[in-house]
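For reference, positions follow the sequence shown, starting with 1.
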Amino acid sequence: MPAISVVIPLYNKEDYVLRTIDSVLKQSFEDFELLIMNDGSTDNSLALVETIDDYRIRIISHENIGLSATRNEGSKHALSNLVAFIDADDTWKSDFLLTIMSLYDKYPEAAAFATNYERVFPDGSRRPASVFGIDDIKGNSGIIPNFFKMALYEVAVHPSAVAVKKSVMEETGGFLKGVRYGEDQEFFARLALRYSFAYSKKIEGEYYKDLDSSITQ
């Protein structure tokens with residue numbers, strides 16, 4: 001069984017998905033499986049991912065059911081009890097999974113594990129996320145003392161820089177289906193009411209802002 005399962009929900013991201021997959025396959029921590037959940041893509045996305053030869057990849061296709069349901073389906077198919085999510089137009093720095101596994105080992109009481117992230121703009125410029133109250137975490141990592149305080153400005157937990165225990169996904173029902181915007185923060189808020197988040201201040205996630213094909217468009 002892999003130490004961690006990685007889920008990529010894929011819908012019409014032919015211009016970006018190979019970059020995303022490449023960032024996963026180049027992780028310094030290599031004991032993972034990669035589930036590419038094809039949500040009824042109508043462009044060339046599926047054909048592109050099918051050209052990649054790596055034993056850790058599983059491609060699962062279904063009719064279009066939306067982002068939340070696709071993430072939930074990915075978790076159901078995961079072989080590990082720890083599931084990391086990354087959208088098909090975002091990327092990770094090479095030590096993202098290593099950092100997540102360190103949090104998982106250090107804070108077993110937590111239900112979810114996240115890292116800081118940066119925004120990448122169309123002109124190639126980058127800006128670290130401005131997470132309110134991040135200094136309330138003493139040291140480089142720890143349990144988030146107040147999730148809602150840290151979410152007051154830019155989101156503290158980004159859906160492309162987080163891992164959640166599969167058992168917690170099952171207990172909570174996962175991401176809320178039928179919500180087209182903010183479904184990630186709704187889910188994380190529900191988690192925060194019942195469970196704790198472990199967090200690393202290291203910037204390991206890369207969120208590509210304002211792409212034409214992003215879900216927010």
Side-chain angles (χ1 to χ4, degrees), residues 1-8 20 23-34 71 74-75 78-87 90-120 126-172 174-175 184-209:
M1 183 176 73
I4 187 169
S5 299
V6 177
V7 171
I8 298 178
T20 299
S23 79
V24 176
L25 297 181
K26 289 182 176 178
Q27 289 294 296
S28 59
F29 183 88
E30 298 180 338
D31 186 12
F32 64 86
E33 65 166 345
L34 174 55
R71 286 178 178 144
S75 178
L79 298 179
S80 172
N81 185 44
L82 185 61
V83 184
F85 297 95
I86 179 170
D87 289 348
D90 294 329
T91 54
W92 289 335
K93 295 184 183 295
S94 61
D95 285 341
F96 173 79
L97 287 181
L98 184 65
T99 303
I100 291 295
M101 295 307 302
S102 176
L103 292 173
Y104 183 68
D105 292 338
K106 191 173 182 179
Y107 306 102
E109 71 276 21
F113 311 85
T115 77
N116 203 350
Y117 62 98
E118 64 185 2
R119 295 175 179 268
V120 184
R126 293 168 178 260
R127 177 178 63 78
S130 299
V131 179
F132 187 81
I134 193 171
D135 290 336
D136 290 349
I137 297 175
K138 307 305 178 184
N140 294 322
S141 68
I143 297 294
I144 294 178
N146 188 330
F147 172 88
F148 297 95
K149 177 181 178 181
M150 282 182 63
L152 282 175
Y153 186 47
E154 288 190 290
V155 299
V157 177
H158 193 276
S160 287
V162 67
V164 182
K165 289 179 177 177
K166 180 174 179 175
S167 57
V168 172
M169 291 287 294
E170 294 170 347
E171 291 168 11
T172 60
F175 294 88
D184 50 330
Q185 297 309 306
E186 189 278 337
F187 174 53
F188 298 147
R190 274 192 288 120
L191 286 189
L193 290 172
R194 297 175 56 184
Y195 308 96
S196 59
F197 279 78
Y199 194 84
S200 171
K201 294 179 182 178
K202 290 181 63 178
I203 296 175
E204 298 289 355
E206 298 171 314
Y207 166 48
Y208 284 76
K209 179 68 174 171

Fill in: Residues that S5 engages under side chain to side chain donor-acceptor pair (under 3.5 Å), provided they are two or more places apart
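Partners of S5 by the side chain to side chain donor-acceptor pair (under 3.5 Å) criterion, ordered by chain and then number, come out as E33.
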
With rounding to the nearest 0.5 angstrom, report the [atom1] to [atom2] distance, [X] to [Y].
X	Y	atom1	atom2	answer
E204	W92	CD	CH2	11.0 Å
L97	T115	CG	OG1	10.0 Å
Y208	R126	OH	CZ	5.0 Å
I4	Q27	CD1	CD	9.5 Å
I8	S23	CD1	OG	7.0 Å
S200	N140	OG	CG	7.0 Å

Worksheet item: Hey, which of L25, I100, I86 is the one that makes side chain to side chain contact (heavy atoms under 4.5 Å, CB included) with V6?
Response: I86

Give me the atom names and distance for the closest heavy-atom approach of [X] to [Y].
X	Y	answer
L82	A3	CB-O, 4.2 Å
S80	P2	CB-O, 3.4 Å
A192	F197	N-CE1, 3.8 Å
V155	Q185	CG1-CD, 3.4 Å
S75	V7	N-CG2, 4.2 Å

Discussion item. With side chain to side chain contact (heavy atoms under 4.5 Å, CB included) as the criterion, how do E154 and Y117 come out once you've worked through the C-alpha distance, each side chain's angles and the decisive distance to 0.1 Å?
Written reply: CA-CA 11 Å; E154 288 190 290; Y117 62 98; 4.2 Å; yes

Item to complete: Give a yes-or-no answer on whether the side chains of Y107 and S141 include a donor-acceptor pair shorter than 3.5 Å.
Response: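 Yes, side-chain donor-acceptor contact under 3.5 Å.
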
Worksheet item: In this structure, are over 12 heavy atoms from other groups packed under 6.0 Å from F148 atom CZ?
Response: yes

Would you say the side chain of [Y] lies within less than 4.5 Å of the side chain of [X], judging by non-hydrogen atoms?
X	Y	result
T172	Y195	yes
E109	I143	yes
L103	Y199	no
V168	R194	no
F96	T91	no

Practice prompt. Evaluate the side chain to side chain contact (heavy atoms under 4.5 Å, CB included) criterion for residues K201 and V131: first the C-alpha distance (whole Å), next the side-chain angles of each, then the deciding distance (0.1 Å), finally the verdict.
Written response: CA-CA 10 Å; K201 294 179 182 178; V131 179; over 6 Å; no

Please output the side-chain donor-acceptor pairs of residues 157-166 that fall under 3.5 Å, not counting sequence neighbours, one pair per line with the distance.
{"residue": "H158", "atom": "ND1", "partner": "S160", "partner atom": "N", "Å": "3.0"}
{"residue": "S160", "atom": "OG", "partner": "D87", "partner atom": "N", "Å": "2.9"}
{"residue": "S160", "atom": "OG", "partner": "D90", "partner atom": "OD2", "Å": "2.7"}
{"residue": "K165", "atom": "NZ", "partner": "P108", "partner atom": "O", "Å": "2.7"}
{"residue": "K165", "atom": "NZ", "partner": "A110", "partner atom": "O", "Å": "2.8"}
{"residue": "K166", "atom": "NZ", "partner": "K76", "partner atom": "O", "Å": "3.2"}
{"residue": "K166", "atom": "NZ", "partner": "A78", "partner atom": "O", "Å": "2.7"}

Item to complete: Could you pull out all residues at least two apart from P128 that satisfy side-chain contact (heavy atoms from CB on, under 4.5 Å)?
Response: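 Result, side-chain contact (heavy atoms from CB on, under 4.5 Å) vs P128: I203.
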
Worksheet item: Would you call the rings of F175 and F187 parallel, tilted or perpendicular, where under 30° means parallel and over 60° means perpendicular?
Response: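 Rings of F175 and F187: tilted, as their planes differ by 30° to 60°.
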
Practice prompt. Evaluate the criterion side chain to side chain contact (heavy atoms under 4.5 Å, CB included) for residue pair M150 and I137; output intermediate values, then yes/no.
Written response: CA-CA 10 Å; M150 282 182 63; I137 297 175; 4.2 Å; yes

